[in-house]
Each structure stands twice: as C-alpha cells, then as structure tokens.
Number of protein chains: 2
Amino acid sequence: MTQYANRSIVLAARPQGAPTPQDFRLQQGTAPEPAEGQVLLRTLYLSLDPYMRGRMNEGAAYAPPLALGSVMVGGTVSRVVASRHPRFREGELVLGASGWQDYALSDGADLTPLGDIARPSYALSVLGMPGFAAYHGLLHIGQPRAGETVVVGAASGAVGAVVGQIARIKGARVVGIAGGADKCAYVVDELGFDACVDRNDPRFAALLAAACPDGIDVYFENVGGAVFDAVLPLLNDNARVPVCGFIAHYNERELPPGPNRVPLLMATLLNKRVRMQGFIILDHYADGYAAFQRDMGAWVAEGSVKLREDLTDGLEHAPRALIGLLEGRNFGKVVVRVAE
Amino acid sequence: MTQYANRSIVLAARPQGAPTPQDFRLQQGTAPEPAEGQVLLRTLYLSLDPYMRGRMNEGAAYAPPLALGSVMVGGTVSRVVASRHPRFREGELVLGASGWQDYALSDGADLTPLGDIARPSYALSVLGMPGFAAYHGLLHIGQPRAGETVVVGAASGAVGAVVGQIARIKGARVVGIAGGADKCAYVVDELGFDACVDRNDPRFAALLAAACPDGIDVYFENVGGAVFDAVLPLLNDNARVPVCGFIAHYNERELPPGPNRVPLLMATLLNKRVRMQGFIILDHYADGYAAFQRDMGAWVAEGSVKLREDLTDGLEHAPRALIGLLEGRNFGKVVVRVAE
C-alpha cells in the first residue's frame, strides 16, 4: 500500500492559563494501514472549538481529560483514501473525529457520509456540532416565542451566529454581542440580527440595556464574564438561560476576584423566576439530531442560515488558531484547512 | 358597634443588614368599622417567614417594597368578629393577610374560610403558603424520582421539613441540613429523613458528602451561602435545583467577598447538565393550589406530613421572633399567637 507521511499535533503540556505554542507538539510519523473493516482517512478540514481548551486541563469535566502526548481531539471532514470497510468507498467525504492530524483510521462507527455536500466545511459548523448545539439549546431550553428578545454572545462565532439566525426565523427580536465594530456590522448587516453591541465598548452595559428596551427573555450563554454580568439585570420574568459554554473563563487558572456574585445570581433567578440549564450537545444526538438535520438543511439551502468561516491553512498553524479563538481574535467559525 | 383597641407593628426604618428592634414600631389605634361588603377580622395567628426581610428593603424584588410607616405584611389566621359580607359569618375562622396587627378589614377577596380545621395554625405552614412552596418547587421543578437523593436545607423549618417529607413519600432518599444537633435529631427521628447534617459542624462539607454517597439529584435551595457551596460539587448529572430562597444572604448589605464563584457555578451547570430554576409561589395559586390542597390535606390527615411549630405569644414579640428566624434561632415554623 501507499505509505503516507502523517503529521499530528499532540498535547505537550497542560496550559497554565492561556495556552501557548509550547503546549502543543507537532509529530512526524507514517499513516497506519487499515485492517479489515477499517478505512484510512485524509483530513481536509479540522474544526477548532472552545471546548478543546477544557479537554487540555487535568481535571475531568463532562469528558475525561486528554492524556499528555495524545493527539488533540477535534471534529474533521476527511476523504476516504483507503477502504477495507463495506460501507465506505475510496474518494468519498465523511464527517468524523480524526483530531489534529493528517491521517487517521476509523472502523466507520463514528463516521457520517457527507454525500454531495455543497460546502464540506459546513459539516463542522452550521450543519454539525456547533449548529446542533445552537439549535438544541435555543429551541429546547431557550424556547423563544415570537416577539420576545433573544440575546446571544460571541454572535459572529459558530454557535452564536446560528442561535441568532434561528431565533430570527422563530420571530424573536435578536440582539448579538460581539467583540469589535466589524463583527457587529457583520452580525447585523449579513446575518440579519436586529442589533449587535460591542463588548469592547466602555459603555457596553449601557449599550446592551439600550438595545434591549423590553428586557431579555432568552439569553443563550456561551461567554460568561462581563457579558453575563451585564445581561443579569436585564432578564425578564420567566427568562430562560441555556448554558452552552463560557469562553471568558476557559483560560482562568483560578476563580476571579470578588465580590462573590452568586447571591446576586440567586436573587435574580428567584425574583425573576429564571430557568438556567446547562447542556452538553453530545447527549442529544440520538434523540434530536435527525430533526436538526432536517430543519437546518432546509434553512441553509434556502439561505436563511449562513456563517462566515475563519480559515487557517495548514495543520501546523492549528495551535495558533486555537489560541486566537480563545482570545476572541477569530472572525467567524474557525476551521483549519489541512488539505485540499 | 364595639370599639376594639388595635395594635399594629409598622416598618419604622429600613434595616441595615440584620433587622433590629428599632426597625419596627408598635402603634396603638382603634380597629376600623366594616362597611357594607366588608368583614372585621381578629388576628389569632401571624405567620413569620423569611421573605419578609426582602419586603423591608428599598429596592423592589418580585413585589414592591413596603413603604416606611406601613403595617408589616404577613399571612394570618383570623376570626371574623363583625361581618357585613354575605359569604362570611361572625365567629368563623379564615386564612388571610392581615399583617402584623390585632384587627384588619377585608372585602373577602383575599380570605379562605378554614371551616373546622383541626389545627388552625397549620393553615400558615403545612397547609398554606410554605407547604405549597415546598410542594410546587419539589414536584414541579425538582421532580424527584424514587431512589434519587434529595437534599434540602433549613430542614426543620416550614418549607424544608415539608420538602423532605414529600420527597420521602415519593420514594427518594432524603438528606436534610439543619443548624444544630437537636434540629438534626428531630429531622431524622420525627420527620423520617434518612439523614441530616449539622451545618454548624466544622466538618460540614465532608459530612454532607458522606451522607450523599450517590451524589445529589435534587437540591431544594432555600438557604444559599456555605450550604450551597458544599452542595455544588455533589450534584449529579441532570440534577435539578429549585430556587425558593436563600436566607443566608437576606441580611447582607453587600455582596460577600470573593472569589467570585459564578464561573464555578456555571461550569457545574454545564458539565453536570444541571437545571436551576427560581419560582415565586404566588404565581401558582390559580393553577396549582387545588392539587396541593387535595394531596397535602390527605398527607396531613394520615400523619405522613407534620411540622413542629415555634410559637411566640404576643404580637409585641413579633419583631424579636422575625430577627431570630433570620438568624436561624427558631426550631420549626415560626408563628406568633396574637390572640386565643
């Protein structure tokens, strides 16, 4: 069989605070050969997502931590380059989880054939895990009704952009929060949000309040920090807060300084009868993925949901791209183009 | 008509931190006479409850603040002493909201006839607002299943005691938290909880963990503070946290010192897929009170739900009793016996 050079990026050290390039290591190797029932995959696109920061830590969260020296995990779009599996043929595109490497083996159980998908990288965003997280969290926990106000942070990012576009489809008034005037302009002009507030503006809290004259009925939490603090006093009675993530805290080595705002959060939950609920999208594939695929496929086809991608060329630049994502320096869904 | 001397206790000053006797003022007056369609009520029992502390503050929470000089609010069991209302006859007992005074007028809209109730003061606790809060919060938000672990704070208090007894009826394993060995003994020996942990014990967090070997599936939040901090790491996947109150914080003048534990709470909600939901029981009378009355009436009649009362004799001692309640010095439901 053909021998392929295989590069992989492994976790070299556990980050102390923000990851640095030294926390990653590029390894050179040779792609393995598929056994009977396996396929060899060539990575075309690698998805970079905020959850990856948590997997680099020592303590287990909802998934066990990544061992030092392991290949960084991640969703991928790949081409089957060799198949000894009856369901997959050479040349076809699949969605999988090869992680940060050029080649990987699979027994097919974790692969989804992509068929003639118009834009394969969308399988990592709008049509994939981030899109499903946005769809499930907004519709099943947030439950926006027409005319309500929905607020979402990281509004030009993979999850936030989709949350806002679905909320618009459902008839809500949608206010985004994003870091910078260019992102805010994109969110309003291209994605059709009703408003977007720049979280870097020193008047941020006042601007958010002004953008939500009727308060906030659904806050899709994927940011935390100062954004959450500004949202809290604006929540309406019976507001819903799906908790999908909180990127503002992922690089923190310890809890931020006081005061302890938990009593204020509790008082708000009580006085406003707020429901706040965390979810991990991996739990919901069995029950909810089919409905998501059907709805989102239609919305993407008709052009009512779209997403800007922030493409980085070359696997070797994946660490830098993840570091930038965690600092909010990306503009759109972060995807590494590993091969054509 | 007979003229009745009427004492009332008004809000004299807004408490700075814990209320003091100087924040209340006893006023002497004369009971008003009922007009056509009104009744004059003689207060027999006055309920004291933690929510009253919030009503003494300036800022509005779920209800407008009490004006300075106003009679302190509160649920009451009263006898009708004069009636010009077709639905009420002199001598009958009613549940109402006369507040902290000997006599009050009512047009009947806020009154519930108590009929031949065996223990009238129970209309202020097990069979009234605290019992309904326990019932609604536990069953509609907490949704305990048989075999799950339910934890509740202030377990010898009006709400906590009822939460635990209902959870036992539903087949859950119930762990109470209370302040002191005597309260813990009562909670286990008299109320039938499976265990109770003394929150004043220096090993509290470790003892709670030991009492919950299978983690916590439902935490009924009515305490906050160090109790909530100890509960947080024990929550299981898909735990539910009804938020009914947080007496530990009611007397705080400002947020407690850091670190800010909100990111830890967020991480727990996310990683454990926790649902946390505040509720105000006043919202649920129209939809849920009938079912509560039916179920709780049966449980009390058969002896499967009961409650110790902490009786104070004399309206003039109500301020001291409320101050003690907010410091956890009561043992059972706090009721002021205003008249026989």
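Ion pairing between B:Arg261 and B:Asp229 holds under the 4.0 Å rule for side-chain N and carboxylate O. A salt bridge links A:Asp49 to A:Lys333: one of the charged nitrogens lies within less than 4.0 Å of a carboxylate oxygen.
Chosen from B:Gly278, B:Gly225, B:Ala267, the residue pairing most often with chain A at heavy-atom distances under 4.5 Å is B:Gly278. When each of B:Glu252, B:Lys272, B:Arg240, B:Gln277 is scored by its heavy-atom pairs under 4.5 Å with chain A, the top score falls to B:Gln277. With chain A as partner, the option from B:Leu264, B:Val241, B:Asp283 having the largest number of non-hydrogen pairs under 4.5 angstrom is B:Asp283.
A 4.5 Å side-chain heavy-atom check between A:Tyr62 and B:Arg273 finds at least one atom pair inside the cut-off.
Contact annotation for B:Leu265: only side-chain heavy atoms (C-beta onward) come within less than 4.5 Å of a heavy atom of chain A. Heavy atoms of A:Ile280 lying under 4.5 Å from chain B belong to its backbone as well as its side chain. Contacts of B:Ala248 with chain A are absent, with no heavy-atom separation under 4.5 Å from either backbone or side chain. Contacts between B:Val243 and chain A at a heavy-atom distance below 4.5 Å involve backbone atoms as well as side-chain atoms. Contacts of A:Val274 with chain B are made by backbone atoms alone, with heavy-atom separations under 4.5 Å and no side-chain atom involved. Contacts between B:Glu221 and chain A at a heavy-atom distance below 4.5 Å involve the side chain alone, from C-beta outward. With a 4.5 angstrom heavy-atom cutoff, A:Pro256 touches chain B via backbone and side-chain atoms both.
Ring pair B:Tyr51/B:Tyr250: centre-to-centre distance not below 6.0 Å. Checked against the 6.0 Å centroid threshold, A:His136 and A:Phe279 count as a close aromatic pair. Checked against the 6.0 Å centroid criterion, the rings of A:Phe246 and A:Phe228 do not qualify as a close aromatic pair.
Atoms CG and CE, from B:Leu269 and A:Met276 in turn, are 5.5 Å apart once rounded to the nearest 0.5 Å.
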